[in-house]
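The chains referred to below are lettered A, B, ... by the order of the sequence lines, with proteins before strands, and numbering in each begins at 1.
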Protein chains: 2
Amino acid sequence: MKTGAVNLAGTGQSQDKAAAREKPAVRSIADLARIAGVSVSTVSRALTGKGTLNDKTRERVRALAEEHDFRLNVAAQNLRLGRTGAIGVLLPLGHERGQQLSEPFFSAMLGHLADELAARGFDLLLSRVLPGRDCWLDDFVRSGRTDGVIVIGQSDQSAVLDEVAGHYRNMVVWGAHDPAQAYVTVGSDNVAGGALAARHLLGRGRRKLAFFGHHPAPEFVAREQGFLAALPEDLRDAVQSVPAHLTPEESYAAASAYFEAGNRPDGVFAASDIIAMSVLAAAAEHGVSVPADLSVIGFDDILLARIATPPLTTVRQDIAEGARLLVDLLQRRMAGEEDVASVQLEPALIERESS
Amino acid sequence: MKTGAVNLAGTGQSQDKAAAREKPAVRSIADLARIAGVSVSTVSRALTGKGTLNDKTRERVRALAEEHDFRLNVAAQNLRLGRTGAIGVLLPLGHERGQQLSEPFFSAMLGHLADELAARGFDLLLSRVLPGRDCWLDDFVRSGRTDGVIVIGQSDQSAVLDEVAGHYRNMVVWGAHDPAQAYVTVGSDNVAGGALAARHLLGRGRRKLAFFGHHPAPEFVAREQGFLAALPEDLRDAVQSVPAHLTPEESYAAASAYFEAGNRPDGVFAASDIIAMSVLAAAAEHGVSVPADLSVIGFDDILLARIATPPLTTVRQDIAEGARLLVDLLQRRMAGEEDVASVQLEPALIERESS
DNA sequence: CTGTTAGCGCTTTCAG
DNA sequence: CTGAAAGCGCTAACAG
C-alpha cells in the first residue's frame, strides 16, 4: 500500500444475519415454484408477464417473489433467449496510450451512449482495447459477451474493422465515412469543420496561420485537410503544422515549445479543444494576448470550452446526436435491416472570445 | 433526423458471403466436436486448457477451432461457472442530473477502473442510475448481471447502500468513510484536504476567504468542514460559502454572479477543479487578477488543472491509486475475506500559479 | 486420456 | 390455464 493510504477499522459486516435466516434463500424459479406450489413455467410466466396466466396465480407468485426478494437471473434468461442484453463500447487505443477516456470528448460520448442504451434496455459493456494483435475485435464479437458493438474512433484500425464487418452485422463505428468501408459509421464532417475554422480565421483578418494537432488519426487528418483546402494558396503554403498529442500535458508541452522558439502566428486552429486550451495557456505564458494578437479556434465544443480563458471559439460536434444515431443505426442493423446507411453530422461554428 | 445530419450511400454490406458459405458455421462446442470426431468435453478441455488431454488431440481441436473461427461462448461458460465475469460500475446521480460522466474526476476514475478490471480479467458494466426508487441497487445486484459492484459516490444514497450491504458482500464504494457504515469504502480524506487548502491560503497571507461549492454531497460537505475547521475563528466566521453546481456551465454562472455582485475576496477554495476554473474565468472577466489580487485553489488535480490560466493550485486526489484499491478490496471481498477494511487516501497539495 | 451425463437458471412449445 | 420436458452452450464429476 502506498504512503498516504490509511486503513480504517470498519469491516462492513452483515448486520442482519438473523433476518436472512428466517426465510431460506430463494435462488431460482425452481425454489420459488416449490414454495408457491406451482411449476417453474408458471413462475416464469408470472414474473416475465409473457404468456397467459390466471390473474390470481400471477399475483400470488409475484407477491411471493417480492417477499423473498427474488429477481430473475438475467444471465440465464439471456442465455436462453440467445442474447446478452448488453452492447459493447470499444475504445481502440491505436495511436495514443494514456488516459484516453479522460479526453472530454470520449467521456461525453460515453455518457450519452450510456443514457441512450439504458433507455432501450441495454447494458453497456465498456472495453478499452490496445490493438496489439489484429484479432482483438474478432475475439470480442465472437466471445458472445454482447449483442452488438459500438467502436469509438477508427484509430489506425480500419482494416480490422473492414475485416470484421465482413462477417459480423451488429457493429457501428464512430468516425469518418469512406465509401470504401464495409462498415457503417456515424461521424462529423471533419473536412467541413476544418473549412469552417479556416474561413473564420480569414474573416478575422488573420493571415499568419498555424495548425495544432498534426496527428495520424483519420479525424485529425481530415480536420487539417479541410482547413488547408479552404485557404487561399499563398496562405496555405505558409501554414505551420505542429504535431501534438491529445493529452493536456503533452499538447501543452508542444505549444509551449512552439512559442518558446519564437513563433508568433496570428491565427491558430487546434484539432481539439484540449489542444486549443493548451495553446491558450502557452500563449498567456509567453505574453501573447488572445484575441488581440492571436485568434485561437478549437474543435469539439467540450463543456469546458466556455470556461477557458478567454472562452474558446470552436467547431462544435453534436455528440448527443451522434450517440443517438450510433445506437439507432446499431439497433436497426440488429433488427436485420439491410439498408442502414452511414451518417455524417454537420459541425457548427461557435464564436466566443478567443478569436 | 436533425438538420445537419446527412445520409451517405454505403450500407456496409457483407463482402465475402461466398467465403462464409464454404464452411458451415460452427456455433457451439457440439458442432466442433462433431467435426473433430471427439466429445464435447474433449473440446472444452482443449479450448479452456483445463483438465488433462493428449497434446496431439488438443492441438488438433485448437487448429480446427482456429480454422472455423470458433470461440467459446463466454455467456454460457459463465452461467455454468456460476459467475458473469463482469463488475458493475454504478454512478448514482442523486444530487446532480446532467452529464455527470463528463465530470473529469469521474471519467478519470472510470478509465483507471477499466484498466484495473481488465487486468484482472473482468468486464466492466457501466450503469448510471437515477435513484428514484430505493431498490435500484438491490434490483441491480439481484439481477445477477455482475459478480460485484463498485459504486462511485455515495451521493445521498448511504441508507440504500447500508441496506444492501446487509445482505450483499461484493460491493465497494468510492466515498467518505463513516464508522457507522455497513459498507466498505475507498476515498480521500476530504476533511484533511480542506484543511490543506485553508493552511495554504493562510500561508499566502489571504484573510478574506470564500468557499465555492457548498453542496449536499458528503464529499463536498467534508471539504468545506475541513476548510473551515482549519481557519482561525475570526476568519472562519467571515468566510462566504457559495453554493455551486458541479457542471462548468452552472458553476461559471454562480461565480460570475458572485463577482458581479461586487464581492472581492482575496482567497477562494473551490470544492472541485471545475469550479475553480469557473472562478478563474469569472475573475478574469471582472478584472480581478489571479494570483495578484486573488489566490484560487481547487480540488482533484484533474489533467486540465495544469493548462488552466493561470495553472491551478489544487488539492490532489490519487485517482489511480483509488481505482486500484477499489478493485483490490472488491476482489478480496469476493474471495470471502472477512476483514476487509475501508481505506482513506491522504490528499496532497499541488502548488501552481493560481495562488 | 476421453466419453457420458447431469446440470447452471431460465423460456417455451406441446399436452392436458 | 397450467405442467412436463427439452434445451440455450458450456463444464466437471464420474466412469471407462
Expressed in angstrom and rounded to an integer, what is the separation of [X] atom [atom1] from [N] atom [atom2]?
| X | N | atom1 | atom2 | answer |
| --- | --- | --- | --- | --- |
| L32(A) | dG9(C) | CG | P | 14 Å |
| D31(A) | dC8(C) | CG | C1' | 13 Å |
| R80(B) | dC10(C) | CZ | P | 16 Å |
| R60(B) | dT2(C) | CZ | C1' | 12 Å |
| F70(A) | dG9(C) | CZ | C1' | 8 Å |
| R71(A) | dC10(C) | CZ | P | 13 Å |
| N78(A) | dC8(C) | CG | P | 18 Å |
| L79(A) | dT12(C) | CG | P | 13 Å |

So what does [X] touch, heavy atoms closer than 4.0 Å: a base, only the sugar-phosphate, or nothing?
| X | result |
| --- | --- |
| T52(B) | base |
| S28(A) | sugar-phosphate |
| T42(B) | sugar-phosphate |

Is it the case that more than 12 heavy atoms not belonging to [X] sit under 6.0 Å from its [atom1] atom?
| X | atom1 | answer |
| --- | --- | --- |
| N54(B) | CG | yes |
| R27(A) | CZ | no |
| D139(A) | CG | yes |

**Asked** Is there a donor and acceptor pair, one atom on the side chain of R45(B) and one on the base of dG3(C), closer than 3.5 Å?
**Response** yes
**Request:** May I ask you to verify if any side-chain N or O of S44(A) is less than 4.0 angstrom from the OP1 or OP2 atom of dT11(C)?
**Result:** yes
**Prompt:** 5'-most contact on DNA chain C: N54(B) or A76(B), nearest heavy atom basis?
**Reply:** N54(B)
**Prompt:** Between R58(B) and L81(B), which has a closest nucleotide on DNA chain C that is more 5'?
**Reply:** R58(B)
**Message:** Do D69(B) and H167(A) pair up side chain to side chain, a donor and an acceptor below 3.5 Å, judged on atom types alone?
**Reply:** no
**Asked** Q154(A) and Q181(A): side-chain donor and acceptor closer than 3.5 Å?
**Response** yes
**Asked** Can R71(A) and V141(B) be said to form a side chain to side chain contact (heavy atoms under 4.5 Å, CB included), step by step?
**Response** CA-CA 9 Å; R71(A) 312 284 196 287; V141(B) 302; over 6 Å; no
**Complete:** Per-helix bend value, the helix from dC1(C)-dG16(D) to dG16(C)-dC1(D), C1' rotation axes over five pairs per end, 10° rounding, shows 40°
Are side-chain heavy atoms of [X] and [Y] found at a separation under 4.5 Å?
| X | Y | result |
| --- | --- | --- |
| L161(B) | M171(B) | yes |
| R60(B) | V38(B) | yes |
| L124(A) | I87(A) | no |
| D147(A) | N170(A) | no |

**Fill in**
Looking only at dT12(C), dC10(C), dG3(C), the nucleotide nearest the K50(A) side chain is dT12(C)
**Asked** Could you give the start and end, 5' to 3', of the contact zone on DNA chain D for chain B, using atoms under 4.0 Å from its heavy atoms?
**Response** dG9(D) to dA13(D)
